[in-house]
Amino acid sequence: MSIIQHSNLLQNTERGLYCPAGDFYVDPKRPVKRAVITHAHSDHARWGCEHYLSSTAGEHLVRMRLSPDAEFDFLRYGETITHHGVKVTLFPAGHILGSAQVRLEHNGRVAVVAGDYKLGPDSTCASWEPVPCDLFVTESTFALPVYRWRDQTEIFAEVNAWWKASAEEDKCCLLYGYAVGKSQRLLAGLDASIGPIYTHGAVEKGVAAYRASGVELPETIYVGEVERKADFRGAMVVAVPSAHGTPWMRRFGKVSAAMASGWMMVRGTRRRRAADRGFVLSDHVDWATTLKAIELCDPEQVWVHHGYSAILARYLQSIGRDAVALDQAERRDENEDDEIDQAEANA
Amino acid sequence: MKRFADMYWRLDSTTKTNEKVAAMCDYFTQAPPHDAAWAISILSGRKIRQLVPSRLLRQWAAEEAGIPDWLFEESYSSVGDLAETISLVVPPGESVSDTSLVGWIENKLLPLRPLTPEQQHDAVVEIWQQTDPAMRFVVMKLITGGLRVGVSKALVTRALAQASGISSETIAHRLMGDWEPNAEFFHRVVDPNEGDTQISRPYPFCLAHPIEQATSPDRDGGAKQAAEIAAVLGETTDFAAEWKWDGIRGQIIRREGETFLWSRGEDLMENRWPEIEDAASLLPNGTVIDGEILACAIDQDGNTAEVLPFSQLQRRIGRKRVGKKLLKEVPVVFHAFDLMEVSGNDIRQQPFRERRRQLQQVLNPIRHPNLCVTELIDGNDWLQWATVRETSRERHSEGLMLKRWDSVYDVGRVRGTWWKWKVQPYTIDAVLIYAQRGHGKRASLYTDYTFALWDEGNLVPVAKAYSGLDDAEIRKVDRFVRQNTSESFGPVRSVTPELVFEIAFEGISQSTRHKSGVATRFPRILRWRHDKRAEDANQLSDLKALLPDG
Ligand SMILES: [Zn+2]
Ligand SMILES: [Zn+2]
């Protein structure tokens, strides 16, 4: 297999995206010496590197998830540092708090690694912005035309309506979202006038990091701190998906459970989850916004990874763009974030 | 239509029986009668034949979405369901003022079929412009003829009973037989007064419950099985034992000089079994009999002789008209085992002992080779029956039926009255060679498998199976399929032959339509043989050795 490389700026290697000119990795898959990480999700922020660079906005989250023994540097959005002649700048990716696109510049050429990103509003993190570049590296988690997100205000209205209706039936609502990012975005969208809001342990840790970073969230109560016989009728509990179907659920009495994720778009996935409701809310780009982002950055070349890579690359080629799929095998990403949750829940 | 689509999604989003019944009950209470009649029709599984060819729908959907055909196909392959793919890929429409379910079906959907492809195109695109994804999914399911709601008839019956205040037995009976989904039909279903006037209307069938037996091998004299079953059912004296035949369940109705022969799937089987209709014409008016249609030898004296294998009966299934030659080669006999109506009286509430006595009384005077009372199997203890059961296969039977002497004729599958005690299935170890995506809940996973056996160093497909693995195993196989696909043709993936599964099946027969030369009946996965490699799987000759003689 020939090496996929863009000048000496970026190279696709076994260990992940490597910058030969600067001798560092972006979101490495294995422990390396120097890593620039786009955000705190564990498939991007891996353990075991000696030195990490990430955004100031995500400092609390990154420190929460990585070993304190490593060395850290934090960089504000828009600020530039130079490493071995490579200019490194971070721009908001709109995915979760502190998520960043990594802009690399060397010898007049510019590459942008977007990491996970989404377009559109999210009050818990800075919005994605287009960064003109020669090489754009995009994710493709939801890069199929079946994925089309609706406006988040509509989704939150549905979530709150479901909560209200369940509360009227004296049920407790269990709302599942990934521990870091999704849960806090959900919390920010909840109408706290309906009832009290509780959090699962894994979610509460993320909430604390968000609050410490200055993000405003409604008042929450950590489930682990209330007495066992507490009355949960009419309450909302935000939890991680891996808590579903475990004995932990029992204390809430009669519940209505819902999952919030982009995967909820497809009926088969929704039904397999065995939740009562599925809300389509994602922190990744959908089909249309993926294309829009590429249009706005208008790169010479696009690298696609992290999902439906081959399909998106083929489509981009068909509309006249130079595009390369970095990973060929079809991947089911559906579980990826669950594993994070699992690790969190067990921590 | 919106009301119906909402009910569909309510049903789809819950696995709780009570909530399903409530969703349907609400619908039946609120919907106009004509809509409700169509809803019954759809909910009870009556199909509308495909109205527009799928090939065209895919093409148009890709056009409307502004994507190339291959990308539509990739989307379809990921979603696993055509109607759903269309509902998601085509941009959402502006929902215009809603029409009733009847309005949609009768004025918009059914008229699609006779149109030219160009006219169909315009009509379908207009429908897309008028529907959001949730409603479009339901509409497309109706257009592609694949709306499966996943509620049993018993549940629909319960919802109707709840909505109307009429007993579910009466509702179940009124839903039987022939009817058109119109307002008048719905009124009849929920009418508190109406007597039954339709002479062709069958009774709902009573179904048997399987006896779950811990798998101990057969042909050991049956002692273990006998002990096991005694623990579940108690005394043999409470039960009658019959053969569990593998044919077509049927109900003969003789009323007002006319004969109606119904299948369990509620098809009126006209002219398909002329010799049985001939025999039935000898029955007195006001008689309804339950039994099994079987291929049977008839001896020289014109008496019913041994039952022939199902593969013989198969030669007559599906033939609307039967030729003289086939009639002669494969005679069929109605083995009667229950009586629901005699002299025009519904006797389903009388005990089985009494019904059986009257059945004999009705049939004894009728000497006809194509109609007989099924024999009762002698026996005083479970061991004796277990021993007899071991001979089932030789008699082309699937095992024993056990019926409580004091049981009423129930509607549907009620635990505790009729039991089927099947013989252990045949098993072979076969290799997974093809996989395809499943349906419904499993539409995005590879769950439909084809298995093969060795024949002179080649793997020859012998069975397709869908069920038998648990969720965790299905996910594992799904991952294996994705990582080991050697070739894809359409939705089917050919995989590296590595995984071995133990496959169980109920019967086997010779077949010219199968490459392997044999057809298996009701194949299913028993377990994943992690301990076996592909080369350890069975030979095709091992399977052929199980073929019955002749
Ligand atoms: Zn992420
Ligand atoms: Zn990610």
Side-chain angles (χ1 to χ4, degrees), chain A residues 140-151 154 158 162 165 169 171 245 254-259 262-280 286-288 291 307-319 328-335 338, chain B residues 8-16 19 61-62 64-81 83-92 132-134 137-138 141 150 437-447 471 474-475 478-479 481-485 488 493:
Chain A
S140 52
T141 312
F142 291 107
L144 271 187
V146 293
Y147 295 104
R148 178 186 284 116
W149 311 147
R150 284 192 293 143
D151 196 80
E154 284 177 41
E158 283 176 13
W162 160 70
E169 291 174 29
K171 285 183 183 170
K254 257 202 322 183
V255 299
S256 180
M259 170 84 191
W263 299 111
M264 294 298 106
M265 193 92 204
V266 174
R267 178 168 168 263
T269 322
R270 213 159 49 226
R271 288 171 62 93
R272 263 205 314 284
R273 285 286 179 175
D276 300 303
R277 291 288 297 266
F279 297 108
V280 183
D286 64 359
W287 175 254
L291 299 180
Y308 293 104
S309 312
I311 293 173
L312 178 57
R314 182 176 170 192
Y315 179 75
L316 291 172
Q317 287 156 9
S318 81
I319 57 168
Q328 295 294 337
E330 185 182 341
R331 233 184 51 182
R332 286 193 71 77
D333 221 2
E334 208 179 311
N335 293 318
D338 278 356
Chain B
Y8 173 85
W9 289 112
R10 257 179 91 183
L11 290 172
D12 192 65
S13 70
T14 181
T15 49
K16 298 183 187 96
E19 291 179 6
E64 286 303 302
I67 56 173
D69 289 342
W70 67 264
L71 185 52
F72 181 85
E73 294 305 316
E74 288 285 359
S75 304
Y76 178 21
S77 161
S78 166
V79 173
D81 181 283
E84 186 180 6
T85 310
I86 292 173
S87 78
L88 297 175
V89 161
V90 176
D132 62 6
F137 174 82
V138 177
K141 279 283 178 191
R437 284 171 191 274
H439 295 282
K441 186 178 162 193
R442 289 177 171 159
S444 52
L445 292 172
Y446 285 90
T447 59
D471 281 355
I474 286 174
R475 275 170 182 266
D478 179 74
R479 187 161 308 164
V481 169
R482 286 166 201 278
Q483 288 166 355
N484 295 280
T485 300
S488 309
R493 288 190 176 206

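Chain letters run A, B, ... following the sequence lines, proteins first, then strands; residues in each count from 1.
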Stepwise side chain to side chain contact (heavy atoms under 4.5 Å, CB included) test for Trp263(A) and Tyr147(A):
CA-CA 9 Å; Trp263(A) 299 111; Tyr147(A) 295 104; 3.6 Å; yes
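- Of the charged side-chain nitrogens involved, at least one lies within less than 4.0 Å of a carboxylate oxygen, so that Asp81(B) and Lys141(B) count as a salt-bridged pair.
- Checked against a 6.0 Å centroid threshold, the rings of Phe137(B) and Tyr8(B) count as neighbours.
- Both the backbone and the side chain of Pro91(B) come within contact range of chain A, with heavy atoms under 4.5 Å apart.
- Counting heavy-atom pairs closer than 4.5 Å to chain A, the top residue among Thr85(B), Val90(B), Leu88(B), Thr14(B) is Leu88(B).
- Residues satisfying the salt bridge (Lys or Arg N to Asp or Glu O under 4.0 Å) criterion with Glu73(B), sequence neighbours excluded, are Arg58(B).
- When heavy atoms are compared at a cutoff of 4.5 Å, Arg314(A) approaches chain B by way of both its backbone and its side chain.
- Looking at Ala288(A), there are no atoms closer than 4.5 Å to chain B (heavy atoms on both sides), in backbone or side chain.
- Applying the side-chain contact (heavy atoms from CB on, under 4.5 Å) criterion to Asp69(B), with sequence neighbours excluded, gives Ala62(B).
- Only the side chain of Glu19(B) comes within contact range of chain A, with at least one heavy atom under 4.5 Å from a heavy atom of that chain.
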